[in-house]
Amino acid sequence: MDTAGTNIAPAVNGWFAAHARDLPWRRAGFSAWGTLVSEFMLQQTPVVRVVPRLAEWLDRWPTPASLAAVPPGEAVRAWDRLGYPRRALNLHACAVQITQRHGGIVPRDVDELLALPGVGPYTARAVAVFAYGDRHPVVDTNVRRVIARAVDGVGEAGPTATTRDLAAMDALLPLDDADARVFNAGAMELGAVVCTARSPRCGECPVAAKCAWRAAGYPAYDGTRAPRQKPFEGSDRHVRGLIMAELRASDVPVTIAQIDSLWTDDVQRSRSLAGLVTDGLAVVSDGGYALP
DNA sequence: CACCCGTGGAC
DNA sequence: TGTCCAAGGGT
């Protein structure tokens with residue numbers, strides 16, 4: 001009999017073949033550019049909010065060159081309320097680099113992908129695997145949780161440790177490229193819809209019989225946790241969000257008076273606005289502020 | 001490694 | 001009702 005948590009790929013892949021959600025980026029013929037765009041949008045934004053925005057985006061900018069041809073502010077505006085607008089800026093910068101340095105083709109090599117702005121360990125491998133079919137471990141928050149539970153026998157994954165996380169997934173990865181690709185997608189899907197952070201649906205889990213956490217009786221997690229998220233209300237992120245919403249909504253430069261009306265605390269408002277300028281999300285224009 | 005970066009929905 | 005969570009990445 002197998003050790004708990006080992007060789008879970010066949011069960012995961014079998015389950016995925018029967019239960020995978022019908023998502024746009026899983027359509028046959030979905031482009032590498034579409035994959036890159038979708039992965040950017042999925043960085044900390046739920047699938048249900050990404051799907052409609054992704055369709056609009058790819059309809060408007062079906063290639064890197066088409067996005068590279070417009071000002072970055074257009075990308076930020078189209079990003080709308082997906083959150084973390086610097087992702088839109090980075091995606092536009094990706095489009096420029098891909099157009100100028102890669103002949104308009106999204107790179108396939110992981111190191112070349114990692115060199116693109118806003119592309120980290122997850123996104124680089126997700127593109128190489130899902131768009132090009134190469135064999136790499138793809139580790140996101142879902143995969144980390146599945147491995148923590150099924151393999152390590154603990155309820156939560158704890159803080160990210162990229163090198164260790166990649167090695168852990170690599171150890172589970174089937175040797176065949178196509179099987180590895182399915183397993184990457186399947187482990188992610190399993191974490192997203194069955195092995196969820198709260199109230200996991202173990203009765204529907206294809207790995208339940210091999211799950212080390214289940215076998216141990218679901219012990220409460222006592223390890224180190226990821227740092228708590230600070231309250232959003234009244235935070236700089238809140239103020240930045242208010243300012244960005246104002247910039248997105250306006251076709252002309254937003255006046256200082258308009259920005260001043262958004263938040264009463266002068267120090268925090270000024271700090272937030274300066275941060276947006278530093279980040280390239282806002283530029284001075286005709287004495288006011290506008291998208292870049 | 002700790003902290004920062006938006007936004008909205010679920011419990 | 002406040003906390004947690006979401007296909008992360010940059011500094």
Side-chain angles (χ1 to χ4, degrees), chain A residues 16 20-21 23-26 34-54 76 79-91 93-94 113-131 136-146 155-166 169 181 184-193 195-200 221 224-248 271-272 274-276 278-282:
Chain A
F16 186 69
R21 289 172 293 177
L23 298 171
W25 44 90
R26 293 177 180 162
T35 300
L36 183 64
V37 173
S38 71
E39 295 299 350
F40 260 84
M41 291 184 170
L42 288 164
Q43 291 172 2
Q44 296 289 280
T45 299
V47 167
V48 288
R49 284 173 52 202
V50 164
V51 170
R53 187 69 67 244
L54 175 66
V76 175
W79 197 258
D80 196 32
R81 304 184 70 82
L82 284 179
Y84 292 145
R86 61 175 54 174
R87 290 182 291 160
L89 220 47
N90 283 332
L91 182 54
C94 277
L113 286 160
L114 286 170
L116 297 172
V119 175
Y122 165 76
T123 303
R125 290 172 180 79
V127 170
V129 170
F130 300 132
H136 304 280
V138 179
V139 179
D140 74 333
T141 186
N142 293 303
V143 169
R144 295 192 333 105
R145 185 172 53 251
V146 168
E156 301 179 23
T160 58
T162 305
T163 303
R164 280 198 300 278
D165 294 340
L166 289 172
M169 185 58 172
R181 182 179 186 275
N184 276 310
M188 212 178 300
E189 182 82 345
L190 189 64
V193 305
C195 192
T196 52
R198 292 171 300 192
S199 307
Y221 182 70
T224 57
R225 289 193 162 184
R228 270 179 115 77
Q229 203 173 48
K230 289 184 176 177
F232 177 74
E233 274 301 313
S235 67
D236 282 11
R237 289 151 86 161
H238 186 174
V239 179
R240 288 168 57 111
L242 293 174
I243 296 171
M244 287 306 299
E246 194 75 13
L247 297 184
R248 285 195 307 265
R271 180 176 65 232
S272 299
L276 291 174
T278 297
D279 292 345
L281 286 165

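A note on names: the letters A, B, ... follow the listed sequences, proteins ahead of strands, and every chain is numbered from 1.
- Nucleic acid contact class of A:Gln229 (heavy atoms, under 4.0 Å, all strands): base.
- Remark: A:Arg144 is not in phosphate contact with C:dA6, judged by side-chain N or O atoms under 4.0 Å from OP1 or OP2.
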In residues 118-128 of chain A, what donor-acceptor pairs under 3.5 Å come from side-chain atoms, sequence neighbours left out?
residue, atom, partner, partner atom, Å
A:Tyr122, OH, A:Glu39, OE1, 2.7
A:Thr123, OG1, A:Gln43, NE2, 2.9
A:Arg125, NH1, A:Pro121, O, 3.1

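- For the pair A:Lys230 and B:dC3, the criterion of a side-chain N or O lying under 4.0 Å from OP1 or OP2 is not met.
- For A:Ala197, the side-chain atoms get nearest to C:dA6 when compared with the rest of B:dT7, B:dC5, C:dA6.
- Partners of A:Phe232 under the ring pair (Phe, Tyr, Trp, His ring centres under 6.0 Å) rule, at least two apart in sequence or in another chain, are A:His238.
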Under 3.5 Å between N/O atoms: give me all the protein pairs with nucleotides 7-11 of chain C, atom names plus distance.
residue, atom, partner, partner atom, Å
C:dA7, OP2, A:Asn142, OD1, 3.3
C:dA7, OP2, A:Asn142, ND2, 3.4
C:dA7, O4', A:Asp140, OD2, 2.6
C:dA7, N9, A:Tyr122, OH, 3.4
C:dA7, N6, A:Trp25, NE1, 2.5
C:dA7, N6, A:Arg26, NH2, 3.3
C:dG8, OP1, A:Thr141, N, 3.4
C:dG8, OP2, A:Gln44, N, 3.3
C:dG8, OP2, A:Gln44, NE2, 3.2
C:dG9, OP1, A:Gly120, N, 2.9
C:dG9, OP1, A:Gly120, O, 3.4
C:dG9, OP1, A:Thr123, N, 2.8
C:dG9, OP1, A:Thr123, OG1, 2.6
C:dG9, OP2, A:Tyr122, N, 3.1
C:dG10, OP1, A:Gly118, N, 2.8

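- Within the nucleic acid shown, A:Arg49 comes within 4.0 Å of at least one base atom, counting heavy atoms only.
- Summarising the geometry, the separation between CG on A:Leu82 and P on B:dG6 is reported as 13 Å, rounded to the nearest angstrom.
- The minimum heavy-atom distance linking A:Met169 with A:Ala187 is given by the pair CE-CB, 4.0 Å.
- Contacts of A:Arg228 with the nucleic acid, taken as non-hydrogen atoms under 4.0 Å apart, involve only primed sugar atoms and P, OP1 or OP2.
- A:Arg81 comes within 4.0 angstrom of the backbone, heavy atoms only, and of no base.
- Residue A:Pro231 is classed as having no contact, given no heavy-atom separation below 4.0 Å to the nucleic acid.
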